[in-house]
Each structure stands twice: as C-alpha cells, then as structure tokens.
Protein chains: 2
Amino acid sequence: MGDTISGLEAHLGYWLRAVSNAVSQSFARKVEAEGVTVAEWVFMRMLFDADSLSPTALAARLGMTKGAITKLADRLIEKGLAKRKANRDDRRAQTLALTPRGRALVPRLARLADENDAAFFGALEARDRKELERILKGIVERRELTEVPTT
Amino acid sequence: MGDTISGLEAHLGYWLRAVSNAVSQSFARKVEAEGVTVAEWVFMRMLFDADSLSPTALAARLGMTKGAITKLADRLIEKGLAKRKANRDDRRAQTLALTPRGRALVPRLARLADENDAAFFGALEARDRKELERILKGIVERRELTEVPTT
DNA sequence: TATTGTTATACTCTATAACTATA
DNA sequence: TATAGTTATAGAGTATAACAATA
C-alpha cells in the first residue's frame with residue numbers, strides 16, 4: 001500500500017461487482033423471457049412465502065423505500081401477477097399479494113434461478129462453494145446489510 | 001433439490017448481489033463527496049494508466065457500449081476532469097484523456113476505494129480474503145466475463 | 001401530530017438503433 | 001461499404017420529498 005495508487009483490480013469490491021453483475025445480467029435475461037425483472041422476482045418470491053404483506057413490511061425486508069415498492073407493485077399489478085387488498089381495521093393500510101397467475105409463475109422463476117446459479121457456480125468445487133457462501137454470509141451478518149433506508 | 005421451490009437465500013447469486021450492492025453503494029457515497037460516480041471512477045482509473053484511449057478501446061476494456069462511453073465522457077468533460085482530442089491520421093477518431101485536475105483526483109479516489117474495501121473486507125481473516133479473491137477471479141476467468149457487447 | 005401509502009421528480013446505468021462524418 | 005463516434009430513446013433501479021387520507 002503506502003503511497004501507491006491502487007488499481008481497480010486491487011480491490012475485492014471490484015471482483016465482487018464483476019461477478020455479481022454478470023450473474024445478475026444473465027439471470028435478468030432468463031426471467032425476461034417470462035416477462036419479469038430480477039427485482040420483480042425477488043418481490044414475488046417474498047410474497048410467495050408470506051402470502052400477503054404491507055408495502056411497509058415488504059420495503060423493510062427488501063431494503064427498499066416505500067416509493068420503490070409502489071412502483072414495483074404497480075408494474076406487477078398491471079401484468080396481472082399481483083394485487084392490492086384493502087384493510088378493514090386500518091383504512092390507510094394496504095396489503096399486497098400474488099394473483100393465482102403470479103403464484104403459478106414463481107416455481108418457473110425459481111427453476112431459472114437454480115439454473116443460473118448452477119451455470120456460474122456449478123463448476124466450482126463443493127468446498128469452494130461452501131467457502132464462498134460462508135464468507136459472504138459472514139459479511140452480511142457482520143455489517144447488518146439490511147440497514148438500508150425504508151423511509 | 002427435486003421439486004422444491006428454491007428460496008432467495010438458496011442461491012449464491014443472491015448473497016453475491018447483497019454484498020456487492022452494499023459495497024458499491026457505500027463506495028458511491030464516498031466518491032459522491034468528490035463529485036463523481038463509481039462508473040466515472042472506473043473510467044478515470046483506466047485513463048490514468050493508459051494516458052489516452054479511444055472510446056472504442058475504452059468500451060472494450062470496460063465492457064460497455066460506445067454510446068455509454070460517450071455519455072460518461074460528456075459528463076466528465078463537463079466537470080473538467082477529462083478532455084477529447086482529435087486525431088491527425090484519422091479524422092473520425094477521437095482520443096480521451098484526463099485533464100490535470102482529473103489526474104490529480106485519481107489518487108484521492110483510489111484512497112477512498114482502499115478505505116471502502118477495508119471497511120467491508122478488512123475484518124475478514126487474511127486467509128478468507130485470499131479465498132474470496134481466488135474464487136471470484138476463477139469465475140471471471142472461466143466465464144470470460146468481458147464478453148459484453150461493445151457495439 | 002404521526003403514520004400509511006402514493007405521486008412526482010430526478011439521476012444513474014444500460015442497451016438499442018438511427019445517424020454523421022469520415023475512410 | 002465499413003468504421004468511429006455521437007445522438008436519441010427508453011426501461012430499470014434508486015432515492016428524496018411532497019402529498020392525501022387516516023389514525
């Protein structure tokens with residue numbers, strides 16, 4: 001280090017971004033064939049398990065702002081994959097859920113995610129895959145990466 | 001696997017994106033204080049070593065389209081950090097280079113990149129850092145990740 | 001007054017395609 | 001005809017702030 005000027009390749013962040021962007025772009029093309037984006041897949045997969053969530057709850061879990069959730073939801077609703085429901089107790093509140101068509105699509109998208117992961121990491125030795133997972137999860141835990149603004 | 005529906009966290013790509021986004025966003029805020037974006041830093045760091053490059057060459061090295069290079073260059077020129085030079089032999093050709101102010105900024109940005117990397121990976125054991133680097137570089141090599149369109 | 005969610009705005013990034021000016 | 005570079009357009013992601021309705 002000292003007073004040298006670091007090159008791009010000197011940083012782990014550079015390599016991380018290189019691989020991450022490639023993986024995400026590849027996945028984006030796969031799900032595009034099913035008519036959704038990566039962000040929409042994440043949104044849908046979350047709702048698939050939770051059954052229904054408020055925009056605020058979804059924003060917190062995804063580390064996004066409420067405004068971003070509204071935008072995503074609008075798009076998915078227009079595609080007929082999600083719907084909004086009113087709330088009896090609190091008339092300000094909304095609930096987001098998948099439509100039957102949305103639910104039916106999730107398994108197909110999950111398979112594409114599996115394929116994409118296999119394409120990039122399948123060639124790694126099992127030990128390296130475990131190492132990579134352990135190290136990445138460790139960083140997420142340590143930094144509490146969900147500390148993104150949701151206001 | 002079988003016929004289960006993979007969750008988000010089942011994929012290495014998910015963890016990779018989580019960490020990569022956090023690292024990049026953190027870095028973006030740091031360089032924003034110096035008036036540039038991450039893409040502009042990469043652009044500038046490349047020109048710092050090469051001294052001058054054609055848009056086409058830069059596009060190939062950065063895995064971007066020529067149009068994207070033009071846009072980045074426009075912004076950096078407006079900020080007084082880069083400049084275009086004509087070419088005697090071929091009057092279609094252009095050459096991009098940093099201005100003195102641009103060159104002077106690079107070491108500051110490099111230090112921010114060092115800091116950012118340290119903030120995210122400094123807490124790792126040295127062995128894990130090496131492992132991470134080895135695995136990521138391996139994936140880049142294997143997949144030839146620079147196969148992005150430059151047309 | 002505080003909270004829920006939407007709307008408006010803006011900027012970056014990325015990609016495609018049409019265009020110009022040379023060669 | 002092919003190439004170098006620019007321009008135009010558009011969609012996606014992200015963030016901020018103002019706003020309306022309700023609590």
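Naming: A, B, ... by sequence-line order, numbering from 1 per chain.
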Exercise. Which whole-number value in Å describes the distance from Gln94(B) CD to dG5(D) C1'?
Worked result: 7 Å
For this session: Among dA12(D), dG5(C), dC13(C), find the nucleotide with the atom closest to the side chain of Arg75(B).
Result: dC13(C)
For this session: Mind checking Ala93(B) for me? I need base, sugar-phosphate or nothing, with any heavy atom below 4.0 Å counting as a touch.
Result: sugar-phosphate
For this session: Give a yes or no answer on whether the side chain of Arg103(B) reaches the backbone of Leu98(B) with a donor-acceptor pair at less than 3.5 Å.
Result: no
Exercise. Whole-Å distance between dA12(D) P and Leu62(A) CG?
Worked result: 18 Å
For this session: Nearest whole angstrom, please: distance from the P of dT6(D) to the CE of Met64(B).
Result: 13 Å
Exercise. Once you round it to whole Å, what is the distance between P of dC11(C) and CG of Asp74(B)?
Worked result: 16 Å
Seminar exercise, completed: Residue pair Ile69(B)/Arg88(A) against DNA chain D: nearer the 5' end by closest nucleotide is Ile69(B)
For this session: Can you pull out how bent the helix from dT1(C)-dA23(D) to dA23(C)-dT1(D) is, comparing the axes over its first five and last five pairs, to 10°?
Result: 30°
Exercise. Are Gln25(B) and dA15(D) close enough that a side-chain N or O sits under 4.0 Å from OP1 or OP2?
Worked result: yes
Exercise. Under 4.0 angstrom, heavy atoms only, what part of the nucleic acid is Asn21(A) near: base, sugar-phosphate, or nothing?
Worked result: nothing
Seminar exercise, completed: Separation between CD1 (Ile135(B)) and CZ (Arg127(A)), nearest 0.5 Å, reads 8.5 Å
For this session: Report yes if a side-chain nitrogen or oxygen of Thr56(A) is closer than 4.0 Å to either non-bridging phosphate oxygen (OP1 or OP2) of dG5(C); otherwise report no.
Result: yes
Seminar exercise, completed: Per atom distances to the Pro55(A) side chain, the nearest of dT14(C), dG5(C), dT16(C) is dG5(C)
Problem set entry | Trp41(B) (side chain) donor-acceptor with Val31(B) (main chain) under 3.5 angstrom | no
Exercise. Do the side chain of Thr99(B) and the main chain of Leu81(B) share a donor and acceptor less than 3.5 angstrom apart?
Worked result: yes
Exercise. Taking N and O atoms by type only, does the side chain of Arg92(A) place a donor or acceptor under 3.5 Å from a partner on the base of dT3(C)?
Worked result: yes
Exercise. Counting just side-chain N and O atoms, does Thr37(B) come under 4.0 Å of either OP1 or OP2 of dC13(C)?
Worked result: yes
Seminar exercise, completed: Atom CG of Leu72(A) and atom C1' of dA15(D) are separated, to the nearest Å, by 14 Å
Problem set entry | Contacts of type side chain to side chain contact (heavy atoms under 4.5 Å, CB included), residue Lys71(B), not counting sequence neighbours | none
Exercise. Do Lys66(A) side-chain atoms and Ala59(A) backbone N/O form a donor-acceptor pair below 3.5 Å?
Worked result: no
For this session: Whole angstrom is fine here: how far is it from CG in Leu96(A) over to C1' in dT4(C)?
Result: 12 Å
Problem set entry | Touch class at under 4.0 angstrom, heavy-atom based, for Asn87(B) against every strand present | nothing
For this session: Look at the side chain of Asp117(B) and the backbone N and O of Leu12(A), then say whether any donor-acceptor pair between them is shorter than 3.5 Å.
Result: yes
For this session: Could you state the atom-to-atom distance from CZ of Arg29(A) to P of dG11(D) in whole Å?
Result: 18 Å
Seminar exercise, completed: From NZ of Lys66(B) across to C1' of dT16(C) the rounded distance in Å is 12 Å
Exercise. Can you check whether Ser24(A)'s main-chain N or O pairs, donor with acceptor, with Arg29(A)'s side chain at less than 3.5 Å?
Worked result: no
Problem set entry | Options dT16(C), dA23(D), dA4(D), nucleotide nearest the side-chain atoms of Thr65(B) | dT16(C)
Exercise. The side chain of Lys71(B) lies closest to which of these nucleotides: dA23(C), dT6(C), dT14(C)?
Worked result: dT14(C)
For this session: Quick one: label Thr70(B) by what it contacts on the DNA or RNA (base, sugar-phosphate, nothing), any heavy atom closer than 4.0 Å.
Result: base
